[in-house]
Amino acid sequence: MAESTGVLEDPIRKPALVQGDNDFTSITNIVCKVAETPKPPKAWYVTFGISLGLLGGLGASIVYLISTGIGVWGNNQPVAWGWPIVNFVFWVGIGHAGTLISAVLFLFRQTWRTAINRFAEAMTIFAVICAGMFPAIHVGRIWVIYWVFPIPNQMDMWPNFRSPLLWDVFAVGTYFTVSLLFWYMGMVPDLATLRDRATTRIRRMMYGIFSLGWTGSNRHWHRYERAYLLLAALATPLVLSVHSVVSFDFAVSQLPGWHTTIFPPYFVAGAIFSGFAMVLSLAIPARELWGLKDLITTRHIELMCKVIMATSMMVGYAYSTEFFVAWYSGNQYEGFAFINRAFGPYWWAYTIMVSCNVLVPQIFWSKKMRTNMWVVFIVAALVNVGMWFERFVIVVSSLNRDFLPSSWNYFTPTAIDLLTLAGSFGLFLTLFLLFCRYLPQVAMSEIKGVMPQSHPGHGSSEPDPNPEPDPDSDTPPQQGALA
Amino acid sequence: MTTAHAVPAEALEGVHAGDRLGRLARIALYVGIAGLAIGACLGWSGGETEMRHFWFSYLVGFTFLLTIGMGTLLFTMLQHVVGAHWSVVVRRIAELTMANFPLLALMFLPLLVPLMDGSGSLWPWAGHYEGGDPGHAALLEHKRPFLNVPFFLLRIGIYFGVWIFLARRFLQMSLDQDATDSPDPTVRARKWSAPSIIVFAFALSFGAFDLLMSLNPSWFSTIFGVYIFAGSFIANCAWLILCARWLQNRNLLTTQVTVEHYHDLGKFLFAFIFFWGYIGFSQFLIIWYANLPEETMWYKDRLTPAWEMWSWFIVFGHFALPFAGILSRHVKRSRVGLLVLASYALLMHWIDMYWVIMPNMNAPSLGGPADGGTNPFGLMEIVVSVGLCGLFVSALARRAAKHPLLPVKDPLLGDSLAFENF
């Protein structure tokens, strides 16, 4: 069959989620091969080398920062939040697609998520790690960073519970914990598969420890699925809450350009937008490199493009509403902030933001473009650029022209700023490449659950209707339960 | 390839209401006329104050029905854009409801009286507006290019143009599908759905700004359109549940709409009650925290002695209580439980609209008494809303008698009939 038949041509029949002539065994082989092959592809070494180099740069820049002080950054008055907070919001946003795909799409019964959820969840966790780093190093005295937690102490000193920055600590912390649990729990059956296929002692031990004694018994599956559904339901409000709380950092203030009520849903839409773009940026090379094209098919890519388009439009809606209300409010400061944003000294950042976030994704109206991997890859990269600039525009353009013209100041990043940003990509990619190398990139058990073979009564070539009790059973539960 | 389920022959029984809806259409029409007549008499006889009360009540009822219309229209388009299977059996109810947009446009016409009589009794910017604060007059002057009667009417015309066009278009495509075995109309509906939703989103948001936000022309909130969107979707879910139940009690759609579909509608209802709470809370928190007088006045108007209890009731009655109520799977799958909660959610949506609109009548920020006066709730609101609902239901029943209550040849009907939750 052709690689992709989109949804539009035939409303009744959707192409199978898994393409090619695959059965349960071949799925296991495709996915496990990546972790089991003695040597990963050359491209992996090259990117891993570059990532490690960048990570080293990050380490060096942080050491320099902490030993010298925040002055090594371009942050100034009035742009005191500057670069690190831009990066923080950017990375938290990237971390959004994971929960959306794993939890929300699960509740919406979007079975296509099975091919990409593991991937996206891993990406989420690494992105949140990158995000968490920035406020931590921004506080200046990182050795007292534990003061952000409300820990009883002899000084009777508490963080300010009314500060959205503290809410951030809780929101991001909860998000990270639940995402990690969700990711790890979903991986247990697949880790058991890797354990059972392991050929060396060390592999068997490592995968064995982390697969928590999974045997694939009926009772295990039953509990696993209950837990999965519950975690999905618990994680869903988190999709809204994390970035809403991040938006409160800005919106509860009185600063024109920050203080506007649409911020929470607008930030959430933007986060999903950028998160999906990052999933695409990673999935397209990965499926090429590790031969996952039968699992992550063109249709998967196309569906993600549609999500990008939808969220792009939501972001565009927020931009235009903000602009309209800035005028409609009749508040001169509000009006100035927006005119300044679009036509002031940072007009170029605003132009990049609107072009990349609203104009470029419109290309996805064409199915031809949605299914052309080069186009998708470039658009996804541009969306990431655009979303980074959105945060830059919000943070910097709102701050740089203060209420007093005498304190206006242009923000320019220093080399250390740039190195830290590049280094955060190094951290992200290093973790991600390690994940690709050692862990199952695709949720094998879930993807089998959406194959026709697992439908009851499917006249398939599935060999044995009564398989022997098999401790490393690959057979997933019935479709209904997972899909 | 995934295979589609076949449509069993008995699935096409009980889909034609025929004259079974005639009585409803008649009674609803009488109720409608009577309600509006009583309301108008109450307004007329009570002098200027009561006439104002009548117009505000009219706007409440009108907005309530408008949000049901927008909700059902959006629901229909959304099902197409995502290619949903489960919802086919309830989609026609939404399609028939949204076809009431021409009636809604007609219902808007009486509002031209308070709009154009120069009194500004409903929308203050349309008349001699003094405002509660001297600064407001200057503010209003700034907004004059937008908030003036001709431009307002032009915009309302555009919104209704969009709504009527989309509602007719999508109903027509669905009816076309009834007549053919080819999936072309469904494919066409899908192609239309994505761009239509974009246009719709702007009509809904600016409609909300114009009809509701501008009742207090000094106040503004960028999230307001999303707030009304959330309410509209709650109204839609509750409306579909209630209509389906009502039809089933009359031996229509008895086998087609199953507990599974109710369960899903219940989940949607739950999700959007949650979403509404999220949006409402976001708006409140951001305004409360920044504490800027030009924004807080809207909430202060609603925290006057006349309205404070209502505001608390909105928080608990519109969010906390139904949230706890519909959370359980058991309730969503229970006949009585879901019926009660859907009715309650729809009633709360009406109260929400009431809470958004009515406090503007004697708002301190608009020059009203500092304590917000006395709460006006009484017979007027009830009869006017019941009257408008009567007309709405009557038109719907008339239309429903003419068409099948199910998209009988929808290519996804089989899947929808066989749909099961996990």
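Quick caveat, the model's predicted, so the values are computed rather than measured. Below, chains carry the letters A, B, ... as their sequence lines are ordered, and counting in each starts from 1.
- Proximity to chain A (any heavy atom under 4.5 Å) is shown, for B:Ala84, by neither the backbone nor the side chain.
- Of the listed residues (B:Ile197, B:Leu285, B:Ile287), the one with the most heavy-atom contacts under 4.5 Å to chain A is B:Leu285.
- In terms of non-hydrogen atom pairs under 4.5 Å with chain B, the most contact-rich of A:Tyr266, A:Phe263, A:Trp365, A:Phe108 is A:Trp365.
- In terms of heavy-atom pairs under 4.5 Å with chain A, the best-connected choice from B:Gly225, B:Ala201, B:Ser205 is B:Ser205.
- Using a 4.5 Å cut-off between heavy atoms, A:Val268 contacts chain B through its side chain alone, with no backbone atom that close.
- When heavy atoms are compared at a cutoff of 4.5 Å, A:Thr236 does not approach chain B at all.
- Of the atoms belonging to B:Glu294, it is side-chain heavy atoms, and not backbone ones, that fall under 4.5 Å from chain A.
- Cation-pi contact between A:Arg109 and A:Phe106: absent, since separation from the ring centre below 6.0 Å together with deviation from the ring axis within 45° is not met.
- Interface check for chain B: of the options A:Ser244, A:Pro164, A:Ser253, the most heavy-atom pairs under 4.5 Å are formed by A:Ser244.
- For B:Lys332 and B:Phe270, the positive end sits near the middle of the six-membered ring, less than 6.0 Å away and at most 45° from its axis.
- There is no contact between B:Ser182 and chain A, counting heavy-atom distances below 4.5 Å.
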Requested in this report: Give the intermediate values and the outcome of side chain to side chain donor-acceptor pair (under 3.5 Å) for residues B:His263 and B:Arg333.
Outcome: CA-CA 5 Å; B:His263 187 182; B:Arg333 294 177 77 89; 2.8 Å; yes

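- Judged by the 6.0 Å distance and 45° axis criteria, A:Arg341 is not positioned over the aromatic ring of A:Phe323.
- Of the atoms belonging to A:Phe248, it is side-chain heavy atoms, and not backbone ones, that fall under 4.5 Å from chain B.
- Within 6.0 Å of CZ on B:Arg144 lie more than 12 heavy atoms contributed by other residues, nucleotides or ligands.
- A:Phe364 does not carry A:Lys306 over the face of its six-membered ring by the limits of under 6.0 Å from the centre and within 45° of the normal.
- Contacts of B:Tyr278 with chain A are made by side-chain atoms alone, with heavy-atom separations under 4.5 Å and no backbone atom involved.
- Shown here are the salt bridge (charged side-chain N to carboxylate O under 4.0 Å, His left out) partners of B:Arg91, two or more places apart in sequence or in another chain: B:Glu95, B:Asp410.
- For B:Phe202 and A:Tyr317, the ring centers are positioned less than 6.0 Å apart.
- The candidate with the highest count of non-hydrogen atom pairs below 4.5 Å against chain B, out of A:Leu255, A:Asn331, A:Ile262, is A:Ile262.
- With chain A as the partner, the residue from B:Ala138, B:Pro195, B:Pro145 showing the most heavy-atom pairs under 4.5 Å is B:Pro195.
- Listed options A:His259, A:Met309, A:Met314 were ranked by heavy-atom pairs under 4.5 angstrom with chain B; first place goes to A:His259.
- Cation-pi geometry between B:Arg302 and B:Trp298 is met: the NZ or CZ atom falls under 6.0 Å from the ring centre, inside 45° of the normal.
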